[in-house]
There are 2 protein chains.
Amino acid sequence: MEYKASSETIFYQIEKAIKQYRVMAQGNLNKLEYKVTINQILLMLQIDRNPEISQVELAELLFKDVASVTRMIELLVKRNFLLREEDKKDRRKKALKTTDKGKRVLELAIPIIKKNREIAQNDITEEEKEILFKLLGKIILNTSK
Amino acid sequence: MEYKASSETIFYQIEKAIKQYRVMAQGNLNKLEYKVTINQILLMLQIDRNPEISQVELAELLFKDVASVTRMIELLVKRNFLLREEDKKDRRKKALKTTDKGKRVLELAIPIIKKNREIAQNDITEEEKEILFKLLGKIILNTSK
DNA sequence: CAAATATAATTGATATATCAATTATATTTA
DNA sequence: TAAATATAATTGATATATCAATTATATTTG
């Protein structure tokens, strides 16, 4: 069966780009005194900005399963980065809050994440970013539902 | 601390595109009578085309850890999709082969994967694909090493 | 050649991904 | 309002991701 080599497809290229980006980004984050992952930071960031957010919404924002979010939060609570309590208004939900320790690690991590993005976008013009965004948007549209 | 919303970055867009693509692709593959994942198919495909390939090379090609590859192969051997024997020339290596059952599922899966790619690339011109490829190439370059 | 170093694969530990089932609470409908 | 349905979160099972350590074999170096 004739079949285009994976490595020539845009999907392979996307996978490669995102994989390398993750490795680079995590590598830089590892220089922190706290052992945290990029995804943990992104999770805490959402909670810190919007403590009203539900775990279902967090899962959607981070492209994760709600089960994964539950377990990620569990770990972060254990390590005292987050607080989790019952939501007074809707008792199916949990009220999430970043602790002082959580806020501290966010303060340290945010500049690193910004830097990572800058590194990865080096010599890509604003116009090119827009094009890239739009083309990816087409894929998103094509693959939705 | 001022901080660009994740959802506006190209990295978020890349993550979203690849995530949706995976979900769509896996959904279509699930229509097969065999319960296999896209990654299992891509792994078997590499082995089928090049039985000389090592697990280290497989890991690189699929952007995975060698430990993951070991375990993926283990499962595929158990399910009789692959054969794994000692390599005669280099006894540190394993000789991998697709079984008839493995070849059968590949035959069925390949057209689906081709179709998935077509769906995702709908209304993206060849020129646009090239641009996308090149821009992602820049990110790959920026994040390498 | 023997010792040191490198390579291929496996294994262990822990976290995350995925899917299905379950529990608790809210909301809608008959 | 009681019953049916929907929603939020958790839990269980299994696979994969990641990092470190280990085993076996090859290759290089003194």
Side-chain angles (χ1 to χ4, degrees), chain A residues 15 18-27 29-30 34-44 47 51-79 81-96, chain B residues 15 18-27 29-30 34-44 47 51-79 81-96:
Chain A
E15 297 263 12
I18 202 67
K19 179 72 185 193
Q20 274 198 194
Y21 175 70
R22 282 180 189 152
V23 169
M24 181 275 283
Q26 187 61 52
L29 198 61
N30 287 344
Y34 300 98
K35 195 179 152 287
V36 287
T37 66
I38 297 279
N39 277 317
Q40 287 173 330
I41 294 295
L42 296 178
L43 182 75
M44 288 194 271
I47 292 167
E52 299 292 304
I53 202 167
S54 72
Q55 297 184 197
V56 170
E57 291 167 324
L58 282 169
E60 275 168 19
L61 276 171
L62 301 177
F63 308 123
K64 295 191 185 301
D65 194 276
V66 287
S68 289
V69 170
T70 291
R71 284 158 185 147
M72 286 177 73
I73 289 173
E74 214 162 87
L75 273 183
L76 292 170
V77 168
K78 260 187 205 153
R79 293 177 60 196
F81 288 112
L82 288 181
L83 273 181
R84 178 177 45 180
E85 298 171 355
E86 247 193 15
D87 187 305
K88 308 291 184 197
K89 295 173 201 156
D90 185 338
R91 289 171 55 217
R92 292 170 302 182
K93 292 190 184 174
K94 296 293 162 81
L96 301 168
Chain B
E15 297 265 11
I18 202 67
K19 178 73 183 191
Q20 274 199 196
Y21 175 69
R22 283 180 188 151
V23 169
M24 182 275 284
Q26 188 61 51
L29 197 62
N30 287 344
Y34 300 97
K35 194 180 152 289
V36 287
T37 66
I38 298 280
N39 278 317
Q40 286 172 331
I41 294 295
L42 296 178
L43 182 75
M44 288 195 270
I47 293 168
E52 300 292 304
I53 201 166
S54 72
Q55 296 182 199
V56 170
E57 291 166 324
L58 283 169
E60 276 168 17
L61 277 170
L62 301 177
F63 308 122
K64 294 188 186 303
D65 193 275
V66 288
S68 288
V69 169
T70 292
R71 283 156 184 149
M72 285 177 74
I73 288 174
E74 215 163 85
L75 272 183
L76 292 170
V77 168
K78 260 187 206 152
R79 293 177 60 194
F81 288 112
L82 288 179
L83 273 180
R84 177 176 48 178
E85 298 171 356
E86 246 192 16
D87 187 305
K88 308 291 184 194
K89 295 172 200 158
D90 186 338
R91 288 169 55 217
R92 292 170 303 183
K93 292 190 184 174
K94 297 293 163 80
L96 301 168

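Lettering of chains follows the sequences in order, A, B, ..., and the numbering in each one begins at 1.
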Write down the partner of C/dT23 under the Watson-Crick or G-U wobble criteria, each distance required to be under 3.5 Å.
D/dA8

Both A/T37 and B/Q26 contact DNA chain C. Which one's nearest nucleotide lies toward the 5' end?
A/T37

Check ion pair B/R92-B/D90 (N to O, under 4.0 angstrom)
yes

Look at the side-chain N and O atoms of A/K94 and state whether any lies under 4.0 Å from the OP1 or OP2 oxygen of D/dT10.
yes

OP1 or OP2 of C/dA24 sitting under 4.0 Å from any side-chain N/O of A/K93?
no

Write down the distance between CG (B/L62) and P (D/dT16), rounded to a whole number of angstrom.
12 Å

Can B/E57 and B/K93 be counted as an ion pair, charged N to O under 4.0 angstrom?
no

Counting only Watson-Crick or G-U wobble pairs whose two distances fall under 3.5 Å, which nucleotide matches C/dA13?
D/dT18

After noting the C-alpha distance and the side-chain angles of A/I53 and A/I47, does the key distance pass the side chain to side chain contact (heavy atoms under 4.5 Å, CB included) rule?
CA-CA 7 Å; A/I53 202 167; A/I47 292 167; 4.3 Å; yes

Of the options D/dT11, C/dG12, D/dT10, whose atoms approach the side-chain atoms of A/R71 most closely?
D/dT11

D/dA15, C/dT16, D/dA8: which one has an atom nearest the side-chain heavy atoms of A/R92?
D/dA8

With a cut-off of less than 4.0 Å, is there a side-chain N or O of A/K64 near OP1 or OP2 of C/dA17?
yes

Let me know, please, whether A/Q55 or A/R22 comes out on the 5' side of the other along DNA chain D by nearest nucleotide.
A/Q55

Could you tell me the separation between the CG atom of A/L29 and the C1' atom of D/dT18, rounded to a whole number of Å?
15 Å

Which whole-number value in Å describes the distance from A/I73 CD1 to C/dA17 P?
13 Å

Nearest whole angstrom, please: distance from the P of C/dA17 to the CD of B/E15.
10 Å

Using only atom types and a distance under 3.5 Å, with no angle test, would you say the side chain of B/E60 pairs donor to acceptor with the backbone of B/D65?
no

Please determine, for the side chain of A/M72, which listed nucleotide (C/dT16, D/dA9, D/dT11) has the closest atom?
C/dT16

Closer to the 5' end of DNA chain D via nearest nucleotide, is it B/E86 or A/S54?
A/S54

For A/R84 and D/dT10, is the shortest distance between a side-chain N/O and OP1 or OP2 below 4.0 Å?
yes

Could you check whether B/Q40 gets within reach of a base, just the sugar-phosphate, or nothing at all, counting any heavy atom under 4.0 Å?
sugar-phosphate

Within the 4.0 Å heavy-atom criterion, would you say B/K19 contacts the bases, only the backbone, or no part of the nucleic acid?
sugar-phosphate

Compare side-chain N and O positions of B/T70 against OP1 and OP2 of C/dT10 and report whether any pair is under 4.0 Å apart.
yes

Among A/L75, A/V69, A/L76, the one residue meeting side-chain contact (heavy atoms from CB on, under 4.5 Å) with A/I73
A/V69

Between P of D/dT16 and CD of B/E74, the distance in whole Å
11 Å

How long is the line joining CG of A/D90 and P of C/dT27, in whole Å?
6 Å

How many Å lie between CZ on A/R79 and C1' on C/dA15, as a whole number?
11 Å

Stepwise side chain to side chain contact (heavy atoms under 4.5 Å, CB included) test for A/Q55 and A/T70
CA-CA 7 Å; A/Q55 297 184 197; A/T70 291; 3.3 Å; yes

For A/E52 and D/dA8, give me the distance from atom CD to atom P, rounded to whole Å.
14 Å

Picking from C/dT18, D/dA9, C/dA9, the nucleotide nearest the side-chain atoms of A/D65 would be C/dT18

Going by purine N1 to pyrimidine N3 plus the second Watson-Crick contact, or the G-U wobble pair, all under 3.5 Å, which nucleotide sits opposite D/dA3?
C/dT28

